[in-house]
Structures are given as structure tokens and as C-alpha cells.
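Written below as C-alpha cells is the structure these notes are about.
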Amino acid sequence: MTIATDPPKDSFRLSMLLYDTRYRALTIQVVVLLLFMAGVAWLVDNTIQNLQTLGKDFSFGFLTNRAGYDINQRLIAYTNDSSHARAMLVGLLNTLLVSAMACAAATVIGIFVGVLRLSPNWLIARLMTVYVEMFRNIPVLLWILVAYAVFTEVTPQPRDFRLTPEMEAAGETPAASMLLFDSIAITNRGTSIPEPLFDRSLGNVSLGLFDVSLDLVALVAVIVAAVLANRALLRQAARIQDATGRRPTTWWKSLLILVLPPVLLLVALGFHLGLPELAGFNFQGGILVSNSLMALWLGLTLYTAAFIAEAVRAGILAVSRGQTEAAYALGLRPRRTMSLVILPQALRVIVPPLISQYLNITKNSSLAIAVGYMDLRGTLGGITLNQTGRELEAVLLMMLIYLIISLVISGVMNVYNNSVRLKER
Amino acid sequence: MSDTHAETVAFVRETMLPQAAPPASQTGAVRWLRENLFSTWVNGALTVLGLLAIFWLGTHLLPWFLHGVWNANSLAECREIIANRWGDEASGACWAVIRERWNQFLFGFYPSHLYWRPILALLLLFAALAPVLFGSAPRQLLILSLAYPGLAYLLLWGGSVWFPISAYLGFGAGIAAFLLLRRAGQSLLAPIVAVLAAVLWWLFLAGPVERGLQSMIPLAMEPVRSNAFGGFVLSITIGVAAIALSLPLGIVLALGRRSDMFLVKALSVGFIEFIRGVPLITLLFTASLLLNYFLPPGTNFDIILRVIIMVTLFAAAYIAEVIRGGLAALPRGQYEAADALGLDYFKSMRLIILPQALKISIPGIVSTFIGLFKDTTLVIFVGLLDPLKGITDAVRAAIEWKGIYWEPFIFVGAIFFVFNFAMSRYSMHLERRLKRDHR
């Protein structure tokens, strides 16, 4: 028979650092810390030595120098006299532009494909499976290159759109025609889309770094105000319903509140679309979207939509059938079952992978280099890096910017996850 | 009872009716069509749309595929053959480029008299993978699996036979130190000394030993420089190496992230979030441009090795997150049960936690591997000739194949598809095989 005794109260021995579980964690952490610090010191020391040998210093002063190169696709004013910092900003905005466009389009396509893949329709379900498997298993770079080849090789030249008097007399039609009531022209030099114009424009206001159109600000303000007013109306209707059990008809009021003010504002500003027109050898007017942007957008969209479709499908399948049946048993109508029971649960599963796909789009947009689209990687990590020879600073800065974008996106995801998490023990 | 019944009912049929055939709309193809394609108006419309899409694709692409030409030496010759055979308006694929540049797509600029070496390496890879992937393969092959990395290095890059052997001797030194110390009763000191012994061997002894052996018994294969690599040899080399290395690293990172030790956890989180936050291209740039700054002056090591290291780190961060999900999905009872059995940390992880967590994470791990294999195409941006852009650009640079786009893309895409699709099917097979609940 053994008797449990207190642990021996002998003094501290050195071997206890390793053998005593109370101290072992501490020992390991100290060792890890020492190794880590030694590693960092080694890297920094090497870098300093190498910079000295090369006669370089570590400074971001090059960002204020004249860039001296052109960027054809840009959202803010930029000339080759602008600084490298401004070129970097143009590149960053281009990255964000193509990412936002691809996120929006991929979400729409992904939801459609994901839902249709679960359709009872044999043909459609299989077609969607083929789409998803094809795009998921082939590198995104290939899709971007294929899209670029389509835009540059297959699309017609601007002169194919021309209707000469001789052709008109012979009753012929041009080899190519514009889409959507002559508003969009896809050519091998770029895609021309209509441009919003204002006759009585409010002008621009300069924000230091870039100009902001007051027309746009006014439009956004009016739409936000209309949405807020509509929500107040709906809240009031809900109050009346709670009090009397009868819900007043609101749909035409909502429609009026939401549609009328923006339309009135647009009319007051003299809004019209500037359509692209064939003039000389190319299309004039409208906005010319470069082929590289279109190709990158299409490639990223189709590729990521396949992943989003899988996320949507998994989310819908994750809600068990019993939930639908329970909602029906409670007497909920199918639409309210969908919006109150199924969707909130499916979204909890769908949204995290969806946001990580948005993150992937942002990171994959750096493949712009393959088609010559000037994103952050093309400006700061491309021409600026090569012109100034500042690899260390440029690559570190580029990583930092991508890191910040990613952290912001995953921060949003964490907030969402915490708000919808199942509350358990 | 039955008597009263017979009295109240006027007529009772006493014979069975012969079985009638079901109505036409409830049998065979008609029923299948009605149920699967035209069950509702919406479904009917979708079916018609789908058929139209298939028809459109078929009429536009099928002739192009069918008119394909396999025997030609240039794109112009292809077009001529198609025009002669199918008329001036016909368009057709020029598969001849695949036939003529087959070796380039597969091997890049690898010396042609050494093609047998990558082919042998690939065959040995299948043999080495068999015991790892399939339970039914003979266990003796595991020895080949262990020896494979050295063999593959030797076959692909050539050089002294003693280099991989002296590298393996480092593992031998570590294992010997471990066994000796454990016999001496120092079971906790043993792994530390083993790692130290191996590292010391590689740092100080491996080089002299290799040179000594080489001068005594000169055994070497013709060396191949890294810039000769290209095409699928390059992709598969990088992909296989990074897949094999990133799984263990990912497991370590995932365990680090769930560790109770603050510092280990902080470092793991920092590393994972940093890697996941930046595009792979910037990491490859770091490998090609910045390593010269970070390493001691004068060091210059192989670009493929650098890329493998970066791709490994990249994939390991993603795998760590997948495995962390698996670890989090295990019920807490499993951890508590392992503690209750008195297992220490490593034993409980090895015997109880990881087998279950890894099983849960299989789909995620395999899709990370698929992503990794697809990402090997990005090495073009650090100047290596990947099959997708590097080799196709090289093919298009030749005057006879100028302007050929679709055929190389389709060929390369099809090969990637086959590999990745096989990987995803294997993961489904593995999930079924490891399924333990009989539901």
C-alpha cells in the first residue's frame, strides 16, 4: 500500500528545467525566443552588410522622385511627371478596382452556379459540375491568358465596325457590330463603354491626393438618404402592424421614395450617357477599358466563381432538411422559410469561405503582370523597382500594402464570424 | 363476418385483374425526361437554354477540333492543309505544335540525351508513392520511399553520387545519437542531441566527407543546371517537393498555433498570417531578388531550391489553417481522454489527436495541394520556364509557330486538369477508406 505524500520539497536543480513540466514550457519558450532573435539579428546583420557592399542605403526617398513612365489605365490623374508614390497609388487603385469588379461578378455567377448545381434538372446540374471542375482544376493564370488571347486575337478591329457608303449602297452590313443598343464596342484595342456625363455638373472638389466628382457625391448622398427614409417607413409600418395587427400597404411608397429623388437629381444635373462612336481609326467618346483589365477581370471572375459556387452549394447542403420541415410545421410560408430559417443558417457557412475567396481574388490580381495591367505589382513592384533599383524597399512596401488589405478583409470576416457564431459552452 | 359482407355487397370480383402496363408518360425515357428535365416550367426553360448552349459550343468548337492537323511543321503549313482538305473557310486546330514541341513541353531545355533521367525519376515516384497512398501496396516499398528524395535529386540534377549519400548520413548520425542516448536513459535529451548531431553533420562534416569519398571513388552523373529545367519536369519537381515538405511543416505550425505557450503561439500566428496575407508572387520575388540581401555576402544558391522553399512556406501556412480547423473540430472529450490516460503531449498528439484531426482535414489539405500544384505556373515571373507561359511563349517565339494560342493552352490545361482531378478523386477515396462511423 502506498501513501500519497507531498512532492519532495528539495531545492531547485538545473535538470528540472527540462524534466519538470512546471518549468519545461518556460525553457522551451526561452530557447525559441533566443533562436528567433538570433535569426532576426543574423538576417538584419547580413542585410546591413550587403547594403554596405553595394553602396546602397535603406530609404523610401525614391518615392518622391519623378516616375517618368506612363500608365494607360488609371482612375486618378497621373502623368509621367508624377512621383513614384503617385504611380504606386495609381497601381493600388487599379488593384482594388479589378478586385472589386471581380468580387462582384464572381459572387453573382458563383451563387447562380452553386444553386443550379443542386437543381433537380439533370442537364443543368451536370453542366454546372463540368464548369466548376474545369475551372477549379486548371491554373488561374491559364484562364487569364486565354481571356487575354480572346480579347486581343478574336475580337474585331475597330475598322470592322465601319459602314462605308459603298457597303451601304450594296446593302452589306459591317463585319462587326456594337452590343446593347450600340453602346458597347469590344475591339482588339480595348472595350469602349458608355460614359456618364452631366450637362449641369457640380464640378470636382480636390481632396489633396485626387479629385472627387461632386455629382457622384450628391447622387450617393441622395440614395443613402432615400434608403434611410425607406427604412423609417418600414419601421413605422411594422409599429402599426404590432399595434393593430394590420400592415399598411407600403410598396408603392417605398418605390416612390427609392426611385424618385435619384431620378430627379439626375434630371436636374442633366445626366446623359456619352456613347462611344467610331471616328477615324478608333472609337472616340465613352470610357476605353483596356484589354488587359477586361482579361484579368474575366479570368479572375470565372475562376473564382467556381470556388464560390462550391461554397454556396456546401452552405445550402449544410442546412439539414429538418429545418425546412420544422419551419413548414410552424406554418411559415416558403419565402419566409427561406429568408428567416434557411438563409441565415446557410450564410453562416457560406460567408467565411466567400470572404476568403475575396482575399484570394485580391492576391491573384497580382497576376496582372501576365497581361501587362498596371496594378500595384506592375507599378511599385515592376517599373518603379526596375528604374530605381530599390528591390528591398519596393518589395517590402508592396508586401506591407497587400498585408494591410488582407488584414482589413479578414478583420471584417472575424467581426462577422463573431456576430453569427453559435453560442455554446 | 365474411358472410355478412357477402350479403351486403352486390358484386365482388373473385379473380385478379391482369397486370396492365403503366401509362406511357410514367415509363422509360418519357418519364425520365419529365422528372429530370421538364418537371416545371422553369426547369423546362433551363433545359432548353442548356441545350442551346451545348449546341452553340458544339457548332462553333467541334469542327475546329475535328479539323485538327497532327502532321505539319509550321502554323502556315497547318492552315494550308486545312484549307486544302476542308475548304478555305474552314478553321481547325493545329495539334502539330504539340507533336513537334512535345519534348519541350515536357522537359523544357533539359539535355535531350538525358531524358531518361526525369522519366525514371517519375516512374520511381509512382513506386515510392504507392505504399504511402495505398494500403494494399507491399510494405517493403517504404524503403524506396525513404530513399526517393536522394535518388530523385541525383537523377534530376546529376552530380556526385556522394552528395545525397552524405546528406542521408546526417539523418543516420541523428538517429544513431538518438538511439545511443535513449539506451543511456536520457530519453528527453535524446531528440535534442539527435537534431544537433544532424545539423552539425550537415554544416561541418557533410562537405569534407563528400569530397573525400568523391576523390577516393569518383562516381558522378552528368550534372544538369537548374536553368535547363522547364515544362512539366519543372512543375512536377517543384510541386512534389513542396507538397512533401509543406505537410509536416503545416502540422507543426498548426500545433504551434494551438499551443499554450504564448511565444510559440505568437510566432506561429505571425508567420501564418503574414504568409497568407501576401500574394505568392511577392514571396517568389523575395526569393529571386531579396535573398541576396538576407544571406551572407557571397552565398548564391539554386533558384529552383529557393522557389521550392518559398512555395513550401506558402502552402504550409494554408495547410496549418486547414489542420487547425480539424483540431478545433475534434470534441474536447478527445483531448481530455488523452490527458486522462496519462499520455504526454507528443504521445497524445501522435496517437489520438492528429490521426483524427488529419482525417477531418483531408479535403482541405488536398485542395491546398491542388492549389500549390496550380501555383507552380507562377515561377515564370522569376524567370523559370513553366509549361503554361514560359514554354508556350518560347514556342510562339519561333517563326513557324508565331500566333498559335489555343492548342498549347488546351494541351497544358488538359494535363493540369488530369493531375488535379486525380488528386481530388484520391482525396474522396481516402475519405471513404478512413471512414470509421457505420452510418
Side-chain angles (χ1 to χ4, degrees), chain A residues 18-19 21 24-26 28-30 32-33 36 42-43 46-47 49-51 53-54 116 119-124 126-127 133-134 136-143 145-146 149 153 359 362-367 369-370 377 381 385 391-392 395-396 398-400 402-407 410, chain B residues 32 35-37 39 43 46-47 49-51 53-54 188-189 260-264 267 273-274 276-283 285-286 289-290 292-297 344 367 370 373-378 380-381 386 388-389 392 403 405-406 409 412-414 416-421 424:
Chain A
L18 206 55
Y19 290 102
T21 45
R24 193 192 293 162
L26 208 62
I28 295 175
Q29 293 199 61
V30 169
V32 167
L33 181 68
F36 177 69
W42 185 69
L43 289 180
N46 284 336
T47 312
Q49 269 190 37
N50 284 316
L51 283 173
T53 335
L54 291 169
L116 286 181
S119 140
N121 189 319
W122 183 88
L123 181 76
I124 294 294
R126 285 201 176 30
L127 275 181
E133 290 297 340
M134 203 167 101
R136 275 200 323 164
N137 284 319
I138 293 181
V140 59
L141 184 59
L142 185 132
W143 295 118
L145 290 175
V146 165
E153 303 293 319
L359 247 141
T362 315
K363 283 182 283 177
N364 282 338
S365 72
S366 58
L367 295 179
I369 179 182
R377 160 74 194 69
L385 185 152
E391 300 102 358
L392 194 60
V395 174
L396 288 182
M398 190 166 67
M399 280 185 168
L400 186 70
Y402 276 118
L403 200 58
I404 289 172
I405 299 175
S406 296
L407 289 181
S410 43
Chain B
W32 187 87
E35 277 185 359
N36 289 303
L37 295 182
S39 57
N43 262 337
L46 280 175
T47 305
L49 274 181
L51 286 176
I54 293 173
L188 213 62
L189 216 57
D260 294 331
M261 291 181 266
F262 170 75
L263 203 65
V264 173
L267 285 178
E273 292 303 326
F274 168 70
R276 276 162 41 93
V278 298
L280 179 57
I281 287 193
T282 59
L283 289 177
F285 259 47
T286 312
L289 293 175
L290 297 195
N292 291 337
Y293 286 102
F294 293 149
L295 295 176
D344 67 10
S367 64
I370 291 176
F373 188 55
K374 286 186 293 184
D375 281 344
T376 58
T377 52
L378 303 193
I380 173 66
F381 300 121
D386 79 302
L388 177 52
K389 189 166 159 60
T392 53
Y405 286 93
W406 316 114
F409 284 154
V412 175
F416 269 104
F417 181 86
V418 167
F419 273 105
N420 293 332
F421 196 68
S424 67

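A, B, ... follow the sequence lines: proteins, then strands. Residue 1 opens every chain. All values below were derived from every heavy atom in this structure, side-chain atoms included, with hydrogens, water molecules and symmetry-related copies excluded.
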Q.
Counting only non-hydrogen atoms closer than 4.5 Å, does B:Leu267 touch chain A with its backbone (N, CA, C, O), its side chain (CB onward), both, or neither?
A. side chain

**Q.** Point-to-point distance, once rounded to the nearest 0.5 Å, from OG1 of B:Thr286 to CE of A:Met398
**A.** 7.5 Å

Q | A:Leu43 side, atom CG; B:Phe294 side, atom CZ - distance, nearest 0.5 Å | A | 7.0 Å

Q | Atom pair CE (A:Met134) and CZ (B:Phe421), whose distance is rounded to the nearest 0.5 Å | A | 13.0 Å

(Q) I'd like to know which of B:Leu289, B:Ile380, B:Thr376 tops the heavy-atom pair count under 4.5 Å against chain A. (A) B:Leu289

(Q) How long is the straight-line distance from CG of A:Leu142 back to CZ of B:Phe416, given to the nearest 0.5 Å? (A) 8.5 Å

Q: Against chain B, label A:Leu385 side chain, backbone, both or neither, depending on which of its atoms sit under 4.5 Å from a heavy atom there.
A: side chain

Q. Between B:Ile54, B:Val264, B:Asp386, B:Ile370, which residue shows the highest count of heavy-atom pairs closer than 4.5 Å to chain A?
A. B:Ile54

**Q.** Best-contacting candidate, B:Leu295, B:Thr377, B:Val418, against chain A by heavy atom pairs under 4.5 angstrom
**A.** B:Leu295

Q. Is it the backbone or the side chain of B:Phe262 that comes under 4.5 Å from a heavy atom of chain A, or both, or neither?
A. both

Q.
Report which part of A:Ser119 has an atom under 4.5 Å of a heavy atom belonging to chain B: side chain, backbone, both, or neither.
A. side chain

Q: Go through B:Ala53, B:Pro296, B:Gly413, B:Ala414 and name the one with the most non-hydrogen pairs under 4.5 angstrom from chain A.
A: B:Pro296

Q) Under 3.5 Å, is there a donor-acceptor pair between the side chain of B:Lys374 and the main chain of A:Leu141? A) no

Q: With a 4.5 Å cut-off on heavy-atom pairs, point out which of A:Leu116, A:Thr362, A:Val395, A:Leu26 contacts chain B the most.
A: A:Val395

Q: Would you give the length of the straight line joining atom CG of B:Leu51 to atom CG of A:Leu123, rounded to the nearest 0.5 angstrom?
A: 5.5 Å

**Q.** Engaged part of A:Met399 at the chain B interface, taking heavy atoms whose separation is under 4.5 Å
**A.** both

Q. Do A:Asn50 side-chain atoms and B:Asn292 backbone N/O form a donor-acceptor pair below 3.5 Å?
A. yes

Q. Which bit of A:Glu391 is near chain B, if near means a heavy-atom gap under 4.5 Å: side chain, backbone, both or neither?
A. both

Q.
Run the side-chain contact (heavy atoms from CB on, under 4.5 Å) test on A:Asn121 and B:Leu37 for me, step by step, so that the C-alpha distance in whole Å, both residues' side-chain angles and the decisive distance to 0.1 Å come before the verdict.
A. CA-CA 5 Å; A:Asn121 189 319; B:Leu37 295 182; 3.4 Å; yes

Q. Tell me, side chain or backbone of A:Leu367 under 4.5 Å from chain B's heavy atoms, or both, or neither?
A. both

Q | Proximal component of A:Ile124, with respect to chain B [non-hydrogen, under 4.5 Å] | A | side chain

Q: Output yes when a side-chain donor or acceptor of A:Asn137 lies under 3.5 Å from a complementary backbone atom of B:Phe417, and no otherwise.
A: no

Q) Can you tell which of A:Leu127, A:Val32, A:Leu400 has the highest number of heavy-atom pairs within less than 4.5 Å of chain B? A) A:Leu127

Q | Nearest-0.5 Å distance that lies between atom CZ in B:Phe274 and atom OH in A:Tyr402 | A | 13.5 Å

